[in-house]
Protein chains: 2
Amino acid sequence: MSYANEMPTLQKVARTDAGLAAELRLSVMRLRRRLASERHPDNELSIPQMGVLGVLYRTADALTVGELAAAERVQPPSMTRTVNCLEETGDVVRRPHETDGRQVVVELSDQGRARVIADRERRDAWLARRLKELTPDERAILRRAAPILEHLAQRD
Amino acid sequence: MSYANEMPTLQKVARTDAGLAAELRLSVMRLRRRLASERHPDNELSIPQMGVLGVLYRTADALTVGELAAAERVQPPSMTRTVNCLEETGDVVRRPHETDGRQVVVELSDQGRARVIADRERRDAWLARRLKELTPDERAILRRAAPILEHLAQRD
DNA sequence: CGGAATCGTTAGCATGGGTAATGAGTTATG
DNA sequence: CATAACTCATTACCCATGCTAACGATTCCG
C-alpha cells in the first residue's frame, strides 16, 4: 500500500504518546465521519440544526438562545437564525423566560424529540451492526476504551 | 447528576452491542468535537477548506475537482467554490489535466502543506498531553482500540 | 434615577451546501 | 467522418449559517 509506504514511521511511533495521539486522532475522525454519513434520507435538517436538537435532548431542559449558542460554540445571531428555522419546521418551541424579560427559552417539541431519537437510533444501529462483526475480544477492548475516550474529551 | 438519572439504563446496556454502540458513538463524537476545537488561532481557513487540504495531504497526489468533491461528499459546484478560495489564499494550485481537456487538477502548495501539518501537529500535541494523564494500562487499551476503531470506519 | 451590562434580534458580508443550466471536451456509434 | 451521448468544471441562483456591528428592551448596580 502506497499509504503505508508514505508513512512508514506511523506503525513504529504508535508506541509513543505522540504516535498513539496521531493514530487515535485519525481513527476518531474517520469513525465520526462515517457515523455522520448515516443520515436518515428523509431528515432534511442541517448539521447545525440537528446539533441544536441534540443539545436540547441531552440537556433534557429548555435553554436560552445564549446558552445554546455557547454550547454549540457560535455567536448568538447565528443561533437565532438556526432556531428560527427549527421553529418553522416545528422542531422547537420558543417562549419568554419566566423571570427575565430579555431572554427567550427554546425547548424541543415532540416532533423535534422524535427526530433526535430516530437519528441516534439509526447511527447506533449501524454501529451495532459493525460491532457484531468484531471478535468478542475486540468488543471487550472497545468496552474498556469508550469511557477513556469520553474522559479525554472532557474539558481540560 | 440529572443526566445519570435520565439515562439509568446506559450503564447496563453497555453490556450489549446496542449499548456499546451508543456509548462509543457518544465518546467518538465528543472527542472529535474537542479535537475540532483545537484550532490554531492564526488559521483562518474554514472547516471545508481545511478538509480539502487534508484530502490532498492524505492522498499525497493532485486530484481533480470531481475527485475532491466525491472525497468530501459534496457536489462539484460547491467544491469549485471552496477551491477558488484556497487558490486565492495560495494554499492550492490549479492546473489543466495532462490528458483530459475537461478536467482541472488541484494540488497542495508548499504553504498549504505546511498549514495541514501545523494543524495536525497542534491536535496531536493536545491529544498527546491528554494521553500522558492516563495510566499505562489505559494507554495500552487505547493502543489496541485505535486500529479497531479505524476498521469500524471503513466502508462497509 | 442614570449609566452600564445583558439579551436577543436585525442587517450586512462571506462561505458553502444544494439544484439548474451551460459550454467545452471526450467517447461511442452509425 | 459526423453526430449523439456522456463527462467535467463552471456560473448563477437560492438558502443556511458563520461572523461582526448595531440596536432596542430589560435588568442590574451605584
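Residue numbering restarts at 1 for every chain, and letters A, B, ... go by the order of the sequence lines. What you see is a predicted model, and the numbers here were worked out from it, not measured in a lab.
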J.: Given atom CD of B:Glu72 and atom C1' of C:dG18, what is their separation to the nearest angstrom?
T.: 16 Å
J.: In this structure, how many angstroms lie between the C1' atom of D:dA16 and the CD atom of A:Glu87, rounded?
T.: 16 Å
J.: Base, sugar-phosphate, or nothing for B:Gln103, non-hydrogen atoms under 4.0 angstrom?
T.: sugar-phosphate
J.: Would B:Thr89 and B:Asp91 count as having a side-chain donor-acceptor pair, cut-off 3.5 Å?
T.: yes
J.: One thing to verify: whether B:Arg123 and B:Asp119 come together as a salt bridge, which I'm taking to mean a side-chain N less than 4.0 angstrom from a carboxylate O.
T.: yes
J.: Whole-Å distance between C:dG18 P and A:Leu45 CG?
T.: 16 Å
J.: Roughly how many Å is it from CG in B:Leu86 to C1' in C:dG16, rounded to a whole number?
T.: 12 Å
J.: Between B:Arg34 and B:Glu38, does at least one N-O distance fall below 4.0 Å, as a salt bridge requires?
T.: yes
J.: Are OP1 or OP2 of C:dG16 and a side-chain N or O of B:Gln49 less than 4.0 angstrom apart?
T.: yes
J.: B:His97 NE2 to D:dT7 C1': how many Å, rounded?
T.: 13 Å
J.: Just checking B:Arg144: does its CZ atom have more than 12 heavy atoms from other residues, nucleotides or ligands closer to it than 6.0 angstrom?
T.: no
J.: Check every strand shown and say whether B:Thr80 touches a base, only sugar-phosphate, or nothing at a heavy-atom separation below 4.0 Å.
T.: base
J.: Are OP1 or OP2 of D:dA21 and a side-chain N or O of A:Gln75 less than 4.0 angstrom apart?
T.: no
J.: May I have the distance from A:Asp100 (atom CG) to C:dG8 (atom P), rounded to whole angstrom?
T.: 8 Å
J.: Taking any heavy-atom pair under 4.0 Å as a contact, classify A:Ser78: base, sugar-phosphate, or nothing.
T.: base
J.: Under the 3.5 Å rule, do the base of D:dT7 and the side chain of B:Arg102 count as making a donor-acceptor pair?
T.: yes
J.: Under 4.0 Å between a Lys/Arg side-chain N and an Asp/Glu carboxylate O for A:Arg95 and A:Glu107?
T.: yes
J.: Just checking B:Thr82: base, sugar-phosphate only, or nothing, at a heavy-atom cut-off of under 4.0 Å?
T.: sugar-phosphate
J.: If only side-chain N and O atoms of A:Arg94 are considered, is one of them under 4.0 Å from the OP1 or OP2 phosphate oxygen of C:dT9?
T.: yes
J.: Which sits closer to the 5' end of DNA chain C, A:Met79 or B:Val74, going by the nucleotide each is nearest to?
T.: A:Met79
J.: Whole angstrom is fine here: how far is it from CD in A:Glu98 over to P in D:dT27?
T.: 14 Å
J.: How is B:Pro48 classified with respect to the nucleic acid when contacts are heavy atoms under 4.0 Å: base, sugar-phosphate, or nothing?
T.: sugar-phosphate
J.: Under 3.5 Å, is there any donor-acceptor pair linking the side chain of A:Arg81 to the base of C:dG12?
T.: yes
J.: Give a yes/no on whether any side-chain N or O of A:Ser46 is located under 4.0 angstrom from OP1 or OP2 of D:dT17.
T.: yes
J.: If you assign each of B:Glu67 and A:Thr99 to its closest nucleotide in DNA chain D, which residue comes earlier from the 5' end?
T.: B:Glu67
J.: Just checking, is any N or O donor in the side chain of B:Asp61 or B:Thr59 under 3.5 Å from an acceptor N or O on the other one?
T.: no
J.: What integer distance in Å separates B:Glu44:CD from C:dA14:P?
T.: 14 Å
